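Working notes for the structure below.
Counting starts at 1 for both ligands and their atoms, in listed order. Every value quoted in this text rests on a predicted model; they were computed, and no experiment measured them.
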Amino acid sequence: MQVVVNSPNVEYTNKYIISKYDYQYVEAQKEESSIAVNTLTEKLMFRTQRKVPKLGVMLVGWGGNNGASFTAALIANKLKLSWTTRKGNQDANWFGSVTQASTVRIADEVHVPMSHLLPIVDPNNLIIDGWDISALDLAAALKRSEVFPPDLVEVLKPHMEKRKPRAAIFNQDYVAENQKSRADNVLNGSKLDQVKTIMDDIEEFRNQWKLDEVIVLWTATTERFTSIVEGINDTAENLSKAIKSNYKDISPSTLYAYAAISKGCTYINGSPQNTFVPGLIELAEEKKVFIAGDDFKSGQTKLKSVLVDFLVSAGIKPVSIVSYNHLGNNDGRNLSAPEQFRSKEISKSNVVDDMVASNSILYKPGEKPDHVVVIKYVPYVGDSKRAMDEYISEIMMGGHNTLVIHNTCEDSLLAAPLILDLVLLAELFSRIEVKKLESEDAEYTKLHPVLSVLSYLCKAPLVPKGTPIVNSLFRQRACIENILRACTGLPPETNMTLEHKVP
Ligand code: NAD
């Protein structure tokens, strides 16, 4: 049920939804004893293509816990499967997906699924493929993951066993030593040969299913960070030369992303490593291809970006945040190695910075809460990750408030709906164009290739150079919702509800 807005500012043509929009924003300059503020209005025209493409997604790390769980959820939802649990029958659903399971308020008591605001790909029509260094078929990979109950795994088996990951780019130097035993499905040849194979795979997948668009998403093992080296990965041209010369220190993830961007495919990074070296970002900008990342914001960090926002915006001062995790899946095994843990630690550590910096009453310039992140591998708990956090805050007159949170759930069941949202929203935002109306010859342009609007789904959001990073979950969600509303011709959700307050 699509929302249809009756307004002189909205036009529905066969091809587009066109919406005229006054974007009001503020510029401010701090002066000695005052702040000079200018309110500005930019007259914009949004245009959203109505035809939804036939979309394919290629997962790097397809046979991992997330990849197998996502594939299983896609099939189970499409086939409307249900299975027995100790509590009775369980139907397939997409709980945890903001596009499939959350709503947007249109008017009092009228809420619609977010996916009804603008035409968006139906998950049941999404085609999936991918690569993995482990050759196990997807049915066996699902069993290995120990995420779903055996009954469901059996029902899904005939739908998954014929799906086999394509051979992958692998470099032992980037992942923990303990991952070596998985690598029985890897590409040989030079870096350029490998990139070409990935590009051919994308082309073959596109042709096989007659796809209009392909998105490539990394949900593979966390890599160590790559050094940024002048002359090697600092510009698009240097990165290209480095690949051609088979330079040793280029990560597999950067090679996949390079291949995807070269084929014009949006590339999304669900892990913490710095795949997007400056040369790769430049390539995406030059080719006007979308990129997004980094690292799915699924459990502990999601809660942190809510809790710290709540505390700081309530005038309470978090002074110590200590986060312990233990998990027993293959991700945890890989993260038990120091260099891979370091990637995760970095990605998890900046999440409160913008909220802290926003409140100069609580924090002096440069002051931050103590923030420590610990991750331990405990095989017994499998995919059922434990996240334990202690938040100590200063309250009035030197008092203290300590919050302790214990969070237990299957990690992959949090990540799979995020994979869906990242893919569907990245595709939707690629169909949105905008034009500034100040000059007559202004033309429609796409959004910036660095899709920061997907920050809601990412632990360490990638944003265009020089632009602010927003970590607060509700601000990130409001960003998605309000852009979708603008394209539909609805005003932003201000929560003022003045219609009930002004007599
Ligand atoms: P996993 O270990 O089960 O799966 C990763 C898969 O990637 C494995 O099957 C592995 O064989 C494959 N792989 C490794 N290197 C590869 C390469 N170069 N090319 C192709 N395939 C390769 O891990 P997971 O639990 O599925 O998590 C996947 C990633 O998502 C991890 O990096 C993790 O840190 C990240 N992540 C997960 C969550 C979550 O909630 N589950 C949240 C944030 C980030």
Side-chain angles (χ1 to χ4, degrees), residues 58-72 96 129-138 140-142 144-147 165-176 178-187 194 197-198 201 216-224 250-257 259 268-273 275 293-303 325 327-337 340-341 343-348 351 375 377 382-385 387 407 409-419 422 457-460:
M58 298 188 87
L59 300 184
V60 190
W62 193 17
N65 282 21
N66 289 349
S69 304
F70 175 67
T71 311
D129 202 312
W131 302 267
D132 204 295
I133 58 166
S134 157
L136 276 197
D137 68 72
L138 265 286
L142 187 66
R144 172 179 61 186
S145 72
E146 297 178 9
V147 174
R166 294 167 189 265
I169 303 179
F170 181 62
N171 186 339
Q172 179 58 61
D173 187 35
Y174 279 83
V175 293
N178 61 33
Q179 298 298 307
K180 203 190 226 158
S181 54
R182 277 178 98 91
D184 59 1
N185 188 36
V186 300
L187 291 171
Q194 297 184 353
T197 305
I198 299 302
D201 287 344
V216 178
L217 181 144
W218 176 279
T219 179
T221 308
T222 295
E223 297 174 336
R224 68 162 168 84
I250 306 174
S251 67
S253 65
T254 295
L255 295 175
Y256 282 102
I268 300 168
N269 177 28
S271 299
Q273 72 274 342
T275 301
D294 295 320
D295 208 4
F296 306 122
K297 181 154 85 166
S298 54
Q300 184 176 56
T301 308
K302 197 171 213 161
L303 189 60
N325 300 258
L327 70 167
N329 57 17
N330 187 53
D331 182 28
R333 215 159 99 89
N334 179 60
L335 294 177
S336 63
Q340 286 66 33
F341 165 69
S343 296
K344 203 56 138 187
E345 188 183 39
I346 293 171
S347 145
K348 278 179 172 262
V351 64
I375 302 178
Y377 175 54
D383 200 64
S384 179
K385 183 158 98 183
N407 187 334
C409 67
E410 296 87 344
D411 225 14
S412 305
L413 299 188
L414 291 181
L418 302 196
I419 295 180
L422 280 162
L457 301 149
C458 301
K459 247 198 278 290

* **Stepwise side-chain hydrogen bond (donor to acceptor under 3.5 Å, both in side chains) test for Ser134 and Arg144** => CA-CA 12 Å; Ser134 157; Arg144 172 179 61 186; 3.1 Å; yes
Has ligand 1 got any nitrogen or oxygen that is less than 3.5 angstrom from a nitrogen or oxygen of [X]?
{"X": "Leu414", "value": "no"}
{"X": "Asn330", "value": "yes"}
{"X": "Val175", "value": "no"}
{"X": "Phe170", "value": "no"}

Heavy-atom nearest neighbour in the protein, as seen from [atom], with distance rounded to 0.1 Å:
{"atom": "atom 22 (C) of ligand 1", "answer": "Ala220 CB, 3.6 Å"}
{"atom": "atom 23 (O) of ligand 1", "answer": "Asp331 CB, 3.7 Å"}
{"atom": "atom 44 (C) of ligand 1", "answer": "Asp295 OD1, 2.9 Å"}
{"atom": "atom 17 (C) of ligand 1", "answer": "Ile169 O, 3.4 Å"}
{"atom": "atom 37 (C) of ligand 1", "answer": "Asn66 ND2, 3.6 Å"}
{"atom": "atom 42 (C) of ligand 1", "answer": "Ser298 OG, 3.3 Å"}

* Asked: Of Tyr256, Trp218, Phe70, Trp131, which has the heavy atom at the shortest distance from atom 19 (N) of ligand 1?
  ->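 Ranked by closest heavy atom to atom 19 (N) of ligand 1, first place is Tyr256.
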Taking the side chain from [X] and the backbone from [Y], do they hold a donor-acceptor pair closer than 3.5 Å?
{"X": "Ser343", "Y": "Glu223", "answer": "yes"}
{"X": "Arg224", "Y": "Asp173", "answer": "yes"}
{"X": "Tyr256", "Y": "Ala168", "answer": "no"}
{"X": "Asn334", "Y": "Ala176", "answer": "yes"}
{"X": "Thr222", "Y": "Asp331", "answer": "no"}
{"X": "Thr254", "Y": "Thr275", "answer": "yes"}
{"X": "Asp411", "Y": "Lys385", "answer": "no"}

With heavy atoms under 4.0 Å as the rule, classify the contact between [X] and ligand 1 as side chain, backbone, both or neither.
{"X": "Ala168", "result": "side chain"}
{"X": "Thr221", "result": "both"}
{"X": "Asn334", "result": "neither"}

* Could you go step by step and tell me if Ser412 and Asp383 meet the side-chain hydrogen bond (donor to acceptor under 3.5 Å, both in side chains) rule? -> CA-CA 7 Å; Ser412 305; Asp383 200 64; 3.0 Å; yes
* To do: Report the distance from atom CG of Leu418 to atom CD1 of Ile268, rounding to the nearest 0.5 Å.
  =>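 Reported to 0.5 Å precision, the distance equals 11.5 Å.
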* Asked: Got a second to check how far Phe70's CZ is from Leu142's CG, nearest 0.5 Å?
  -> 13.5 Å
Proximity flag [X] to ligand 1, non-hydrogen atoms under 4.0 Å:
{"X": "Gly299", "value": "no"}
{"X": "Val60", "value": "yes"}
{"X": "Lys459", "value": "yes"}
{"X": "Thr219", "value": "yes"}

* Would you mind listing which atoms of ligand 1 come within a distance below 4.0 Å of any non-hydrogen atom of Arg182? =>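 Counting from 1, the qualifying ligand atoms are 8 (C), 9 (O), 10 (C), 11 (O).
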* Structure fact -> Near Asn65 (heavy-atom distance under 4.0 Å), the atoms of ligand 1 are 1 (P), 3 (O), 4 (O), 25 (O), 26 (O)
